[in-house]
Amino acid sequence: MSGRYDYERDGAAIYRASFAIIRAEADLARFSGAAERVVVRMIHACGMTDLSQDVDMSGGFAEAAAAALRRGAPILCDARMVANGITRARLPAGNEVVCTLDDPRVPALAEKIGNTRTAAAMELWRARLAGSLVVVGNAPTALFRLLEMLDEGAPLPAAIIGIPVGFVGAAESKAALAADGRVPHLVVHGRRGGSAMAAAAVNALASDSE
Ligand SMILES: C/C1=C2N=C(/C=C3N=C(/C(C)=C4\N[C@@](C)([C@@H]5N=C1[C@](C)(CCC(=O)O)[C@H]5CC(=O)O)[C@@](C)(CC(=O)O)[C@@H]4CCC(=O)O)[C@@](C)(CC(=O)O)[C@@H]\3CCC(=O)O)C(C)(C)[C@@H]/2CCC(=O)O
């Protein structure tokens, strides 16, 4: 050991210790298998062991999302922060990770539909939506717009991770997804959520290893 601070320097050991602390402190009784690993990794990303009480996964969500990834489904993300947080080396089929927010058509599209840029960026997902894994970690308007697109007959994704964060529309958009029932889903009810947590959920689903 060198330096005046005594701290763990081994990355693998840090992960092992973190996951052990989470499993000791969090109430994970409602979850098993892949679903449990998803919740553990989401807690790992935010540091809040009470998060598990707000997690709502529809039956078969983890299996449907993991199977879609193994089939090579694209991962459609609302924000670059979500896309950048996904560990490419864990993905089982070299899955394409897509964020259309920077597409030059988006600002005009947002103006035209009278919505945010993140919501407008969803329009550019249509051709890839069927069987995809959708991941909304930031923008409530994106999640609302996705549900509207499904109402309009857009193809169904294989699974939706809907965990936007915030104070305006976040809780409401997640409640709407949970009530919708058309697609296997993961939500965190209330204000909590965010890009790091959403990326962590994908990373947990992408591989059996922690
Ligand atoms: C209202 C918005 C919210 N953003 C939140 C939190 C964070 N956003 C960050 C950043 C850098 C981005 N947010 C945008 C998506 C931007 N944020 C919005 C919008 C104005 C509307 C979305 C909505 O309400 O549904 C949205 C712009 C838009 O027109 O869609 C972003 C695109 C803005 C930009 O840089 O142009 C950008 C995303 C960049 C990317 O691709 O990754 C933060 C990092 C804020 C910061 O800079 O401090 C932070 C990240 C949180 C996270 O974990 O993802 C809220 C709180 C989610 C908020 C929506 C709800 C609310 O209560 O206000």
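In listed order, ligands and their atoms are each counted from 1. Only this structure's heavy atoms are used, side chains among them; waters, hydrogens and symmetry mates stay out.
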### Query
Would Arg37 and Asp208 pass as an ion pair if we require N to O under 4.0 Å?
yes
### Message
The test is salt bridge (Lys or Arg N to Asp or Glu O under 4.0 Å); show your working for Glu210 and Arg16 and say whether it passes.
### Response
CA-CA 8 Å; Glu210 291 199 317; Arg16 272 195 308 278; over 6 Å; no
### Task
Would you verify that at least one protein heavy atom lies under 4.0 Å from atom 16 (C) of ligand 1, or report that none does?
no
### Query
Counting each atom of ligand 1 from 1 as listed, which ones have a heavy atom of Leu101 under 4.0 Å away?
32 (C), 41 (O)
### Task
Examine the proximity of ligand 1 to Asn138 and report which part, side chain or backbone, both or neither, has a heavy atom under 4.0 Å away.
both
### Task
Mark up the atoms of ligand 1 that fall under 4.0 Å of a heavy atom belonging to Ser195, in ascending order.
52 (C), 53 (O), 54 (O)
### Query
Is the closest side-chain heavy-atom distance between Val97 and Cys77 below 4.5 Å?
yes
### Task
Just do the salt bridge (Lys or Arg N to Asp or Glu O under 4.0 Å) check on Arg192 and Asp50 with the steps written out, would you?
CA-CA 11 Å; Arg192 292 190 287 188; Asp50 67 329; 2.9 Å; yes
### Any non-hydrogen protein atom less than 4.0 Å away from atom 40 (C) of ligand 1
yes
#### Entry: Heavy atom of protein closer than 4.0 angstrom to atom 33 (C) of ligand 1
yes
### Contact check: Ala142 vs ligand 1, nitrogen or oxygen atoms, below 3.5 angstrom
no
### Query
Does an N or O anywhere in Ala196 fall below 3.5 Å from an N or O of ligand 1?
no
### Query
For atom 25 (O) of ligand 1, what is the nearest protein heavy atom, given as residue, atom name and distance?
Thr141 OG1, 2.5 Å
### Query
Would a 4.5 Å heavy-atom cut-off, applied to side chains only, mark Met149 and Glu123 as touching?
yes
### Task
Looking only at distances, please establish whether an N/O atom of ligand 1 is found under 3.5 Å from an N/O atom of Val165.
no
### Message
In the complex you have, is atom 37 (C) of ligand 1 within reach of the protein, judged by whether a heavy-atom distance drops under 4.0 Å?
### Response
no
### Message
With a sphere of 6.0 Å drawn around CZ of Arg23, does it hold more than 12 non-hydrogen atoms of other residues, nucleotides or ligands?
### Response
yes
### Query
Do Phe61 and His185 make the cut of ring centroids closer than 6.0 angstrom?
no
### Task
Considering the heavy atoms of Thr118, write down every atom of ligand 1 situated less than 4.0 Å from one of them.
15 (C), 22 (C), 28 (C), 30 (O)
#### Entry: atom 21 (C) of ligand 1 touched by protein heavy atom at under 4.0 Å
yes
### Message
With heavy-atom distances below 4.0 Å as the criterion, list the atoms of ligand 1 near Ala79.
### Response
40 (C), 41 (O), 42 (O)
### Task
Work out whether the distance between some heavy atom of Ala170 and some atom of ligand 1 is less than 4.0 Å.
no
### Task
Evaluate salt bridge (Lys or Arg N to Asp or Glu O under 4.0 Å) for Arg145 paired with Asp151, printing each intermediate quantity in order.
CA-CA 10 Å; Arg145 182 65 201 130; Asp151 289 345; over 6 Å; no
### Query
Do the non-hydrogen side-chain atoms of Glu111 and Arg117 ever get within less than 4.5 Å of each other?
no
### Within-cutoff protein neighbour (heavy atom, under 4.0 Å) for atom 59 (C) of ligand 1
yes
### Query
Does the side chain of Val136 come within less than 4.5 Å of Val134's, by heavy atoms?
yes
### Task
Could you walk me through whether Arg126 and Glu152 pass salt bridge (Lys or Arg N to Asp or Glu O under 4.0 Å), step by step?
CA-CA 11 Å; Arg126 280 182 195 269; Glu152 293 160 13; 3.2 Å; yes
## Note on the structure
Here the atoms of ligand 1 under 4.0 Å from any heavy atom belonging to Ala139 are 22 (C), 23 (C), 25 (O)
### Message
With a 4.5 Å cut-off on side-chain heavy-atom distances among I, L, V, M, F, W and Y, is there a chain of contacts connecting Val40 to Val188?
### Response
yes
### Query
Is there a protein heavy atom at a distance of less than 4.0 Å from atom 47 (O) of ligand 1?
no
### Message
Determine whether any protein heavy atom is located less than 4.0 Å from atom 50 (C) of ligand 1.
### Response
yes
### Message
Regarding atom 10 (C) of ligand 1: of the candidates Arg117, Arg80, Arg191, Met81, which has the closest heavy atom?
### Response
Met81
